[in-house]
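Notes for the one structure printed next.
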Amino acid sequence: MGLASQDTINHLKALIDQVDEPLIRTFKNVHQGYVVENLERFLKAREGNVTKAYKMLVDSLQWRLQNGIDDILAASAFTQSPTLKFKPIIPTNFYRGVRDSQLIGLSGYTREGLPVFAIGAGLSTFDKASIHYYVQSHIQINEYRDRVILPEATKKNGRYIGKCVKVLDMSGLKLSALNQIKLLTTISTVDDLNYPEKTITYYIVNVPYVFSACWKVVKPLLQERTKLKVRVLQGGGRDELLKIMDYSSLPHFCRRDGSGSGSRSGSGVGDDCYSLDHPFHQELYSYMKQLSGINEPIEPAKQGSVHVEVPDEGEELHRTLESELMKLRTRKSLSGSLEKVKISD
């Protein structure tokens, strides 16, 4: 069990069994019947320290209650309770805009049965909606993964599947991507504090020259345990990834090496797992609509009505970002490209 011994798991379980009923209810959506495995996740995230793991888990459960996370996949709940903070990302054309600018999809499974999520880190523009919609969309996919994808994988494989693999495509990455650092840091914070140890490895492929500069800025913001899971592969990473998955599960941008392998042009609907027309997104969207029990409205919900509370990194985050950017600006080869990069509040 790694850092989590049976004694520490039993200790943490005894503490969690005593929390208030609302926290118990939301914890059921987290563990999906696998209590021990999920307690172990939080223990591992806090290096086996029961006190710290307990605080982390309780804080996460309270975050779920305060932000209505249990209902984030059920759009109808948003119109029934004034305490919930989320709005459905509908109609379809608005949802499609979010998906086309926040590239993520499920390309298949590893031979061990772990879901493979493809992420278009370099080509995502995040320019079709407010920051809160992108955070909401990310959380919705997290919840769909944990409540639907992973339980189905567990049932299919006859053993517990609680983690996934992520393949990040850096094709098209520019230094201007640092303008989105606030959004990316928010998403990273949400994952670190509320979905720990859900990804076994982050594979980075199609790395351009500017990646090293961006990585120097982003790396200090990541948890140490996350950094240890990052593997940068050569080219599209096809040969390395084929060691753990079949060709049919490779993300479309890994199926041929060489320049431009991350381009979406020429990819069919069946191959492009980013597309709203891909089975993964069709099933996700249908699942949310089924839970909501409502038809699409003529107009989308007002932007700005969606907000997720996350811990404020404040001055420390800004100092880290500005420090790393200042180091990069001293390099003549990058100084001109960085002039337009600004870290906003």
Side-chain angles (χ1 to χ4, degrees), residues 26-27 29-32 37-47 52-53 55-70 72-73 85-86 98 102-106 114-121 124 126 131-150 161-169 177 180-204 214-215 217-231 284 306-313 316-317 320-321:
T26 193
F27 186 42
N29 270 332
V30 174
H31 65 64
Q32 294 289 313
E37 289 82 356
N38 282 274
L39 292 177
E40 187 177 8
R41 286 196 298 114
F42 284 86
L43 281 165
K44 187 173 182 180
R46 289 298 178 261
E47 299 181 338
K52 292 181 179 180
K55 183 182 185 304
M56 182 186 188
L57 179 51
V58 169
D59 287 347
S60 177
L61 297 178
Q62 290 175 339
W63 171 82
R64 294 180 65 87
L65 291 178
Q66 292 166 1
N67 291 279
I69 303 300
D70 289 341
I72 196 171
L73 293 174
K85 300 186 177 184
F86 293 103
V98 172
Q102 184 183 33
L103 303 177
I104 185 171
L106 180 71
L114 278 64
V116 178
F117 282 91
I119 300 173
S124 292
F126 303 106
I131 181 175
H132 303 304
Y133 271 119
Y134 289 113
V135 175
Q136 174 186 343
S137 172
H138 178 80
I139 296 173
Q140 284 177 322
I141 290 180
N142 278 356
E143 291 292 313
Y144 185 70
R145 173 198 66 196
D146 294 351
R147 299 193 219 174
V148 178
I149 299 297
L150 290 175
I161 303 291
K163 297 188 178 187
C164 68
V165 166
K166 291 183 179 178
V167 185
L168 286 71
D169 178 25
Q180 302 293 344
I181 199 69
K182 177 65 175 179
L183 168 60
L184 300 178
T185 302
T186 299
I187 288 176
S188 177
T189 300
V190 166
D191 284 353
D192 282 338
L193 297 181
N194 302 288
Y195 303 94
E197 302 299 323
K198 298 299 292 188
T199 302
I200 192 168
T201 309
Y202 299 86
Y203 293 101
I204 299 179
C214 294
W215 179 241
V217 176
V218 174
K219 189 176 180 179
L221 307 178
L222 301 177
Q223 296 288 330
E224 194 61 34
R225 67 180 189 274
T226 301
K227 297 176 191 176
L228 296 175
K229 298 176 182 178
V230 175
R231 287 191 59 192
L284 167 61
V306 182
H307 186 66
V308 185
E309 298 290 343
V310 295
D312 185 10
E313 300 293 335
E316 182 178 354
L317 171 61
T320 301
L321 294 176

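Worth knowing before you read on, the calculation uses all heavy atoms, side chains too, and leaves out hydrogens, waters and symmetry mates. Predicted model, so just to flag it, every value in this text is computed and none were measured.
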Open item on the list: Are Q102 and Y133 packed together at the side-chain level, in the sense that at least one heavy-atom pair is separated by less than 4.5 angstrom?
Closed with: no
- [ ] Would you name the heavy atoms of L193 and F42 that are closest together and state the gap between them?
- [x] O-CE2, 4.2 Å
Task: Heavy-atom check, side chain of K163 versus side chain of T199, under 4.5 Å - done: no
TODO: Mind checking the CG-CZ spacing from L168 to R231? Nearest 0.5 Å is all I need.
DONE: 14.0 Å
TODO: Taking all non-hydrogen atoms of both residues into account, name the closest pair between D192 and Q223 and its distance.
DONE: OD2-CG, 3.3 Å
Open item on the list: Quick check: closest heavy atoms across I161 and L150, and the distance to 0.1 Å?
Closed with: O-CB, 3.6 Å
Task: Salt bridge flag under 4.0 Å for residues D70 and R64 - done: yes
TODO: Flag the pair C164 / R145 as yes when at least one side-chain heavy-atom distance between them is below 4.5 Å, and no otherwise.
DONE: yes
TODO: Please round to the nearest 0.5 Å and tell me the distance separating atom CG of L103 and atom OG of S124.
DONE: 4.0 Å
- [ ] Could you tell me whether K229 and E224 have a side-chain N and a carboxylate O separated by less than 4.0 Å?
- [x] no
TODO: Could you tell me the separation between the NE2 atom of H138 and the CG atom of L183, rounded to the nearest 0.5 Å?
DONE: 9.5 Å
Task: CG-CG distance between L73 and N29, expressed to the nearest 0.5 angstrom - done: 9.0 Å
Task: Identified side-chain contact (heavy atoms from CB on, under 4.5 Å) counterpart of D191 within the set T186, I139, N142 - done: N142
- [ ] Apply the test ring-ring contact (aromatic ring centres under 6.0 Å, His included) to residues H31 and F27: give CA-CA distance (whole Å), side-chain angles for both, the deciding distance (0.1 Å), then the verdict.
- [x] CA-CA 6 Å; H31 65 64; F27 186 42; 4.8 Å; yes
TODO: Decide yes or no on side-chain contact (heavy atoms from CB on, under 4.5 Å) for I181 and V218, but give the supporting numbers first.
DONE: CA-CA 8 Å; I181 199 69; V218 174; 3.9 Å; yes
- [ ] To the nearest 0.5 Å, tell me how far N194 CG sits from L61 CG.
- [x] 9.0 Å
- [ ] Check whether any side-chain heavy atom of V135 sits under 4.5 Å from a side-chain heavy atom of H132, and report yes or no.
- [x] no
TODO: Assess whether side-chain contact (heavy atoms from CB on, under 4.5 Å) is satisfied between T226 and Y202, documenting all intermediate values.
DONE: CA-CA 9 Å; T226 301; Y202 299 86; 4.0 Å; yes
Open item on the list: Between L184 and F126, is there a side-chain heavy-atom distance shorter than 4.5 Å?
Closed with: yes
Open item on the list: Can you tell me if K227 has over 12 outside heavy atoms packed within less than 6.0 Å of its NZ?
Closed with: yes
Open item on the list: Within the structure provided, determine whether Y144 and I72 are in side-chain contact (heavy-atom separation under 4.5 Å).
Closed with: no
TODO: To the nearest 0.5 Å, tell me how far K198 NZ sits from N38 CG.
DONE: 5.5 Å
TODO: Go through the steps for S188 and L222 under the test side-chain contact (heavy atoms from CB on, under 4.5 Å), then give the verdict.
DONE: CA-CA 8 Å; S188 177; L222 301 177; 3.9 Å; yes
Open item on the list: Test side-chain contact (heavy atoms from CB on, under 4.5 Å) on I141 and Q136; report intermediate values, then the result.
Closed with: CA-CA 9 Å; I141 290 180; Q136 174 186 343; over 6 Å; no
Open item on the list: Could you tell me if the side chain of V167 sits less than 4.5 Å from the side chain of F117, heavy atoms only?
Closed with: no
Open item on the list: Between E47 and R225, does any side-chain N to carboxylate O distance fall below 4.0 Å?
Closed with: no
TODO: May I ask you to test the D146-V30 pair for a side-chain heavy-atom distance under 4.5 Å?
DONE: no
Open item on the list: Assess, by modelled atom type and distance only, whether the side chains of Y195 and E143 contain a donor and an acceptor separated by less than 3.5 Å.
Closed with: yes
